[in-house]
S.K.: 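First the structure, which I've put down as structure tokens, then a few questions once you've had a look.
In this text, all values refer to a predicted model and were calculated from it rather than measured experimentally. Note that ligands are numbered from 1 as they come in the structure, with each ligand's atoms numbered from 1 the same way. Computed from heavy atoms alone, side chains included, the values below leave out hydrogens, waters and symmetry copies.
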Amino acid sequence: MDAGGGGGVPGGSGAGDREWSLDELAAAYAYPEWANGRPETWLRANMVSTLDGAAQHDGRSQPISSDADMRIFGTLRALADVVLVGAETVRQEGYRPARARAEFAGARAAAGQAEAAAVAIVSASLELDFSLPLFTSPLVPTVVLTGAAAAPDRVAAAEKAGARVLVAGDGTGVDPARAVQALAGLGYTRLLAEGGPRLLGQLVAAGVLDELCLTLSPMLSVGDAQRISGGPSLTVPRRLELVSLLEEEGFLFSRYRRT
Ligand SMILES: NC(=O)c1ccc[n+]([C@@H]2O[C@H](COP(=O)([O-])OP(=O)(O)OC[C@H]3O[C@@H](n4cnc5c(N)ncnc54)[C@H](OP(=O)(O)O)[C@@H]3O)[C@@H](O)[C@H]2O)c1
């Protein structure tokens, strides 16, 4: 099913007996263009959850993902200017820099984008391993978003490792709206948040999330894993509208945006 607005992916709930091409996925997940031009910024999140709400298994999302999920993950990265991610996900998932992909090179150049998305890590402690490829060999310098009161020696270590450190909060913490503005200041307007749940919860609570791409994985995991968003409950649940729904091998790929 394509609920409209997704565009590009041929009819039905899947691509028949073949997988969607990257071109089809890129069209289906294109960042919005309004009649009066592109929105100033657009922040989408991409998350995966089991049927019973687990956002990870054994501390990672890979066991609840699939090949199709990873193709969509890669497509969303290829469309984005910057990938926003919480420091714990970087630590637990061993994050690497986004890579350039030949299939998307022409489209990125035409859109005025760098070869690959930058990675922007949100961290108060700056307890990050600056010897990792994320810092030593990214195609685009990795960004670290932190607060004004971050430890100066950690800021210096981040900068020495080649990261661009942006202050987006008054204490040690980052204010989500200021983070979006700081990234826009670097020319990054097509934003993709890849979690984790604690970061996503703050993006939702701050009202800066425009879109959620949610993969529903046909698995049950029981246990006490985090849900896709964490933190204090909102006073009133936020309503989103369905943009598109795709299916492959029992995995549902939904795309919701703010009403
Ligand atoms: N299902 C999915 O789609 C998905 C996606 C991503 C991750 N995950 C899973 O989620 C788990 C990790 O997620 P998580 O929720 O525990 O952590 P997270 O959101 O990835 O990172 C939390 C960390 O980010 C930093 N942070 C968050 N908000 C901040 C703010 N406002 N100001 C400054 N720093 C801030 C802090 O880093 P410091 O401690 O450095 O200060 C905090 O400890 C992993 O198991 C991962 O596999 C699942």
S.K.: Taking NZ, NE, NH1 and NH2 as the nitrogens, is one of them in Arg71 or Glu248 under 4.0 Å from a carboxylate oxygen of the other?
M.R.: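 Glu248 and Arg71: salt-bridged.
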
S.K.: Output every pair passing salt bridge (Lys or Arg N to Asp or Glu O under 4.0 Å) with a member in residues 204-231, not counting sequence neighbours, ordered by first then second residue.
M.R.: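 Pairs touching residues 204-231 that pass the test: Arg44-Glu211, Asp210-Arg258, Glu211-Arg255.
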
S.K.: Would you say the side-chain atoms of Ser21 and Asp23 include a donor-acceptor pair closer than 3.5 Å?
M.R.: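 The answer is no; no qualifying pair exists.
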
S.K.: I'd like to know whether CG of Asp67 has more than 12 heavy-atom contacts from other residues, nucleotides or ligands below 6.0 angstrom.
M.R.: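 It does not: Asp67 CG has 12 such atoms or fewer within range.
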
S.K.: For the residue pair Thr189 and Glu40, confirm or rule out a side-chain donor-acceptor distance under 3.5 Å.
M.R.: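 No.
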
S.K.: Residues around ligand 1, heavy atom under 4.0 Å from any ligand atom, sorted by chain and number. Can you pull those?
M.R.: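 These residues qualify: Met47, Val48, Ala55, Gln56, Gly59, Arg60, Ser61, Gly86, Ala87, Glu88, Thr89, Arg91, Gln92, Glu93, Val122, Ser123, Ala124, Ser125, Gly173, Val174, Glu194, Gly195, Gly196, Pro197, Arg198, Leu199, Gln202, Gln226.
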
S.K.: Are side-chain N/O atoms of Asp81 and Gln113 paired as donor and acceptor at under 3.5 Å?
M.R.: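 On atom types as modelled, these side chains qualify, holding a pair under 3.5 Å.
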
